[in-house]
Amino acid sequence: MDSRGFHVECRLEAVDAAMGGVCAFVGDVLAPEGLIRLEIAVAEALNNVVLHGDLPAGAGIDMTVRKNAGDVDVDIRDPGRPVPPELFTAARDPADIDPLDESGRGISLIVAMSDALHYESRDGSNRLTLRFAGRDA
Amino acid sequence: MIHSHIQSNGICVIRPDGDRLTALGANAFRQEASQLIDDGSNRIVIDLSEVRFVDSSGLGAIVGLLKKVGNRGEVVVCGLTDAVRQMFRVTRMERVFQIYPDAGAALAALDG
């Protein structure tokens with residue numbers, strides 16, 4: 001097990017910068033297709049917090065990425081507005097969304113691109129954990 | 001945010017600046033490309049060959065251009081790299097976009 005922590009400021013520039021570090025860290029565990037799925041899901045999750053999380057001034061996002069031969073877990077924690085859990089549980093397949101819709105795909109992509117998802121919000125902190133199967137899975 | 005070139009036949013080729021088309025730059029991309037449409041371009045090739053990653057905001061910006069042109073012309077995409085191709089595939093964008101391997105193929109198709 002190897003893990004790395006990332007602190008992401010609540011800015012879109014910081015999301016793009018963080019994704020480079022995350023993908024470099026897990027590139028030896030995930031197959032290319034899995035790495036793409038992780039990048040899509042995690043970028044959407046971070047963007048969601050930045051754009052809709054309404055974080056307190058000065059607050060940021062803390063992310064821990066754990067990898068082993070079998071899989072990668074990405075743990076994203078933020079102190080912002082919670083996502084209604086039903087948005088994850090009732091998310092549509094991205095393929096079922098009207099292709100002419102210009103927005104509204106983020107949560108669907110997070111769910112569809114990850115192999116497992118857990119979300120909880122308690123004591124003012126939200127925690128989204130995404131799992132991605134590794135090369136050996 | 002974009003590089004654009006209008007061919008002698010009036011087809012406009014747009015290349016997003018940088019290797020990511022994400023929430024960070026999607027609005028600027030949309031605004032700059034929309035201005036080209038307002039200025040009269042209605043046959044557009046979006047060349048994504050230098051773009052390594054597109055998120056849902058970038059995708060929304062591309063869809064917005066397609067809708068803005070509407071029936072007055074055509075918007076096609078080309079040069080999809082692996083991650084961009086996967087995003088187009090999972091969102092079924094092939095239902096609304098003609099996709100070409102490169103700008104040359106797209107230009108030939110639009111000029112045909």
Side-chain angles (χ1 to χ4, degrees), chain A residues 8-24 27 30-53 61 87 91-115 132, chain B residues 1 16-31 33-34 37 46 48 50-77 80-99:
Chain A
V8 185
E9 294 179 21
C10 190
R11 301 181 295 118
L12 292 173
E13 293 90 338
V15 172
D16 276 5
M19 289 313 304
V22 172
C23 290
L30 298 179
E33 186 270 345
L35 188 59
I36 291 170
R37 288 193 295 110
L38 178 144
E39 186 168 14
I40 292 172
V42 175
E44 295 292 343
L46 295 175
N47 282 342
N48 216 40
V49 175
V50 172
L51 293 172
H52 306 298
I61 305 164
L87 291 186
R92 287 187 290 168
D93 187 323
D96 294 334
I97 295 174
D98 185 337
L100 292 178
D101 283 355
E102 296 176 45
S103 61
R105 291 186 177 86
I107 297 283
S108 293
L109 286 166
I110 295 167
V111 174
M113 295 293 97
S114 55
D115 293 305
F132 303 88
Chain B
M1 197 58 221
D17 190 25
D19 67 351
R20 298 175 70 85
L21 182 55
T22 64
L24 176 61
N27 283 339
F29 170 80
R30 183 198 308 251
Q31 288 170 6
S34 290
I37 297 170
I46 301 176
L48 298 171
E50 300 297 320
V51 177
R52 195 191 60 74
F53 182 77
V54 171
D55 70 5
S56 64
S57 297
L59 193 66
I62 295 171
V63 169
L65 297 179
L66 177 75
K67 291 165 68 175
K68 185 176 178 73
V69 168
N71 294 328
R72 293 178 291 130
E74 199 166 359
V75 176
V76 304
V77 297
L80 273 55
T81 56
D82 290 346
V84 178
R85 184 180 302 112
Q86 182 152 341
M87 179 63 102
F88 270 66
R89 181 172 54 78
V90 299
T91 55
R92 302 280 304 277
M93 282 297 137
E94 74 276 8
R95 289 179 290 178
V96 292
F97 283 103
Q98 291 292 321
I99 301 171

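Convention: sequence-line order gives letters A, B, ...; per-chain numbering from 1.
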Given side chain to side chain contact (heavy atoms under 4.5 Å, CB included), test M87(B) with M113(A) step by step and report yes or no.
-> CA-CA 10 Å; M87(B) 179 63 102; M113(A) 295 293 97; over 6 Å; no

Check whether any side-chain heavy atom of R92(B) lies under 4.5 Å from a side-chain heavy atom of P99(A), and answer yes or no.
->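 Side-chain contact under 4.5 Å: no.
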
Can you check whether V15(A) reaches L24(B) side chain to side chain, under 4.5 Å on heavy atoms?
->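 They are not in side-chain contact.
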
Look at atom CD of E50(B) and say whether more than 12 heavy atoms of other residues, nucleotides or ligands are closer to it than 6.0 Å.
->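 Open.
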
Side chain to side chain contact (heavy atoms under 4.5 Å, CB included) between D55(B) and L109(A), intermediate numbers included = CA-CA 9 Å; D55(B) 70 5; L109(A) 286 166; over 6 Å; no

Between [X] and chain B, which part of the residue has a heavy atom less than 4.5 Å away: side chain, backbone, both or neither?
| X | result |
| --- | --- |
| D16(A) | both |
| L35(A) | neither |
| I97(A) | backbone |
| E44(A) | side chain |

Using non-hydrogen atoms and a 4.5 Å limit, figure out which bit of [X] sits close to chain A: side chain, backbone, both or neither.
| X | answer |
| --- | --- |
| T91(B) | both |
| R85(B) | neither |
| V90(B) | both |
| I62(B) | neither |

Going through the distances and angles, do R20(B) and E39(A) end up as a salt bridge (charged side-chain N to carboxylate O under 4.0 Å, His left out)?
-> CA-CA 12 Å; R20(B) 298 175 70 85; E39(A) 186 168 14; 2.7 Å; yes

Closest contact, heavy atoms only, A23(B) versus L51(A) |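 Taking every non-hydrogen atom into account, CB-CD1, 4.3 Å.
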
Do you know the tightest heavy-atom contact between A95(A) and R95(B)?
->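 Closest pair (atom of A95(A), atom of R95(B), distance): O-NH2, 3.0 Å.
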
Among D101(A), I40(A), L100(A), single out the residue with the greatest number of heavy-atom pairs under 4.5 Å to chain B.
->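 Winner by heavy-atom pair count: L100(A).
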
Could you check which of G106(A), A112(A), G104(A), P94(A) has the highest count of heavy-atom pairs closer than 4.5 Å to chain B?
->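 When all of G106(A), A112(A), G104(A), P94(A) are compared, P94(A) has the most.
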
Point-to-point distance, once rounded to the nearest 0.5 Å, from CZ of R30(B) to CD of E102(A) =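 Rounded to the nearest 0.5 Å, the CZ-CD separation comes out at 5.0 Å.
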
Contact leader toward chain A among K67(B), M93(B), R89(B), where contacts are heavy-atom pairs under 4.5 Å |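 Of K67(B), M93(B), R89(B), K67(B) has the most heavy-atom pairs under 4.5 Å with chain A.
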
Top contributor to chain A interface from A61(B), G25(B), G64(B) [non-hydrogen pairs under 4.5 Å] |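 The answer is G64(B).
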
